[in-house]
Amino acid sequence: MRFKSLKGIHDILPPDIHIWQHIEGTARDVFRSYGYREIRLPVIESTDLFIRSIGETSDIVEKEMYTFLDKGGRSVTLRPEGTASFVRAYIEHHLYNEPPPQRYYYMGPMFRYERPQAGRYRQFYQIGAEAMGVDDPRMDAELISLLSEILRTVGLEGLRFEITSIGCKVCRPAFREALKGFLSDKIGGFCADCQRRYDKNPLRILDCKVPQCIEMRKGSPHTIEFLCNGCREHFERLRSYLDLLHIPYTVNPELVRGLDYYTRTAFEVTTDLLGSQNAVAAGGRYDALVEEFGGPSTPGLGFAIGMERIVSLLKDGFKVAEVPELVICFVGDEAAERAFLLAQELRLKGLWVETGYGDASLKSQMRRANRLGARYTIVIGEDELRSGSVDLKDMGSGEKTTVSLDAEAIAGELRKGR
RNA sequence: GUGAGUGUAGCUCAACUGGUCAGAGCACUGGACUGUGGCUCCAGGGGUUGUGGGUUCGAGUCCCAUCACUCACCCCA
């Protein structure tokens with residue numbers, strides 16, 4: 001084998017592709033009822049865009065970006081997530097001039113240069129949604145219900161919704177100081193990573209999975225205890241709306257997001273059926289990002305669903321093998337030509353029809369039809385050419401029905417049998 | 001970036017402590033059944049055992065390197 005796909009980058013083939021199409025199709029349907037429209041964004045952007053939005057000290061920017069120089073010497077990056085591109089486009093095309101909320105969705109590949117493992121790839125796919133222009137927590141609740149509805153319709157159950165509020169520019173500094181104060185005298189007992197996080201991004205210590213760190217941080221302050229009045233009210237109203245919509249959730253005050261642009265609402269959907277990569281979707285609010293990017297001060301929020309993670313959850317018990325309606329077998333050159341033409345005529349009527357191309361024996365043609373799972377077969381030979389009729393064989397029951405050797409008649413009979 | 005495991009036909013796997021060990025099943029092709037699939041039986045094609053070195057009379061089997069894949073950590077979708 002001469003060439004292989006790159007590490008962590010995979011082909012998606014049948015039968016898996018049917019699951020992907022199922023997910024994408026149902027997501028589109030649900031998006032439609034919530035008023036979301038599709039937007040297609042480039043997979044490559046200026047590197048600065050991601051640095052500015054995701055955060056210079058985030059892991060994504062520090063070590064996971066596919067960044068290179070183009071022929072003009074510009075630093076460009078394969079998108080590691082969708083929101084940055086979306087906000088760029090939102091401002092670039094003045095989408096804020098549409099009546100709010102402006103709601104968009106997208107689906108496509110993201111790229112992160114990480115060591116691959118179960119549920120984690122270098123090219124992975126997300127379905128993302130963004131809702132702009134409304135800061136009312138009803139929007140947050142609506143977005144979360146949209147997410148919940150997509151996951152439910154797609155066929156997933158037993159997922160956990162965890163939410164929290166991480167505050168805003170007003171309340172976060174106070175929390176940060178309180179947290180550092182709490183940790184200051186015991187930070188030496190934490191893992192090396194946490195000691196590093198203490199200065200860089202102390203909030204991340206709350207997310208550490210090392211048992212000793214989990215133990216030592218017990219009793220630490222939480223963001224939700226430090227929310228300013230505005231943020232607290234926002235969070236409380238969000239919770240009441242989620243209750244109103246009957247969306248079950250738990251408040252996880254230790255939830256931390258990996259991207260710096262989030263404010264207030266942050267949420268994550270997890271499962272324990274997936275091993276260590278347990279997040280299937282996540283999102284939150286980013287009320288400052290548009291303005292930071294030079295647009296008018298505009299609140300926004302969104303989520304992203306990890307496609308391959310829900311594909312693998314759906315994999316068991318998902319069988320939608322598509323099979324041909326009819327396989328046309330033939331014996332002899334004249335019959336071969338008739339079969340070739342008949343296949344064409346039936347395909348123009350929208351049927352999936354297969355026929356043979358070489359001079360395989362009838363037996364092997366039939367074997368192939370069986371292998372393909374064809375619903376029906378016909379055999380064209382000298383007799384059929386002479387009589388102008390064929391036996392339509394039901395491959396399930398073995399029963400034969402005589403019909404005239406004519407596309408119209410055969411199509412009619414096939415449709416009847418469905 | 002760190003750590004561990006695995007690499008034998010298209011797929012799933014055999015081959016005791018190094019000595020006909022290069023095999024089986026599935027799949028594929030053909031036949032038994034001159035023009036009708038699924039079951040059974042028979043036959044056939046297909047591998048320089050990831051790659052490169054080394055030890056040995058002799059290496060899928062041991063050693064080193066390298067590459068790939070997998071899993072975990074980190075982090076995330």
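The chains referred to below are lettered A, B, ... by the order of the sequence lines, with proteins before strands, and numbering in each begins at 1.
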Determine which nucleotide pairs with [N], using a 3.5 Å limit on both distances of a Watson-Crick or G-U wobble pair.
N	value
B:rC73	B:rG1
B:rU8	none
B:rG44	B:rC28
B:rU36	none

task = Round to the nearest Å and state the distance from A:Glu24 atom CD to B:rA77 atom P.
result = 19 Å
message = From CZ of A:Phe50 over to P of B:rC76, roughly how many Å is that when rounded to an integer?
response = 17 Å
Taking atom [atom1] in both [N] and [M], compute the distance separating them and give it to the nearest angstrom.
N	M	atom1	result
B:rG53	B:rC71	P	32 Å
B:rU49	B:rA68	C1'	16 Å
B:rG45	B:rG10	C1'	13 Å
B:rC42	B:rG5	P	43 Å
B:rU70	B:rA27	P	27 Å
B:rA14	B:rG25	P	16 Å

[X] [atom1] to [Y] [atom2] distance, which is reported to the nearest 0.5 Å:
X	Y	atom1	atom2	answer
A:Glu64	A:Glu62	CD	CD	9.5 Å
A:Leu179	A:Ser220	CG	OG	6.0 Å
A:Tyr125	A:Trp20	OH	CH2	6.0 Å

Would you mind classifying the nucleic acid contact of [X] as base, sugar-phosphate or nothing, using non-hydrogen atoms under 4.0 angstrom?
X	result
A:Tyr121	base
A:Ala282	sugar-phosphate
A:Gly119	base
A:Leu362	base
A:Ser364	sugar-phosphate
A:Val379	base
A:Glu114	base
A:Asp383	base

inquiry  = When you compare the side chain of A:Thr265 with that of A:Leu238, does any pair of heavy atoms fall below 4.5 Å?
reply    = yes
ask   = Would you call A:Val251 and A:Phe235 a side-chain contact if the rule is heavy atoms closer than 4.5 Å?
value = yes
ask   = Mind telling me whether B:rG54 is syn or anti, cutoff 90° either side of 0?
value = anti
inquiry  = Quick check on the 6.0 Å ring-centre criterion: do A:Phe175 and A:Phe226 meet it?
reply    = yes
task = Please state whether the base of B:rG1 and the side chain of A:Glu62 form at least one donor-acceptor pair under 3.5 Å?
result = no
query = Is the closest basic N to carboxylate O distance between A:Lys315 and A:Asp16 below 4.0 Å?
reply = yes
Nearest-nucleotide pick for [X], side chain only, options being [options]:
X	options	result
A:Met366	B:rA68, B:rG1, B:rG37	B:rG37
A:Arg115	B:rC76, B:rG30, B:rC73	B:rC73
A:Arg112	B:rC76, B:rC28, B:rU36	B:rC76

message = Any side-chain to backbone donor/acceptor pair from A:Ser397 onto A:Glu399? Under 3.5 Å, distance only.
response = yes
ask   = Do the side chain of A:Arg79 and the main chain of A:Val43 share a donor and acceptor less than 3.5 angstrom apart?
value = no
query = Which parts of nucleotides 38-48 of chain B does protein reach within less than 4.0 Å, heavy atoms only, written one letter per nucleotide 5' to 3' as B for base, S for sugar-phosphate only and - for none?
reply = B----------
key: First encountered from the 5' end of RNA chain B, between A:Lys7 and A:Val280   = A:Lys7
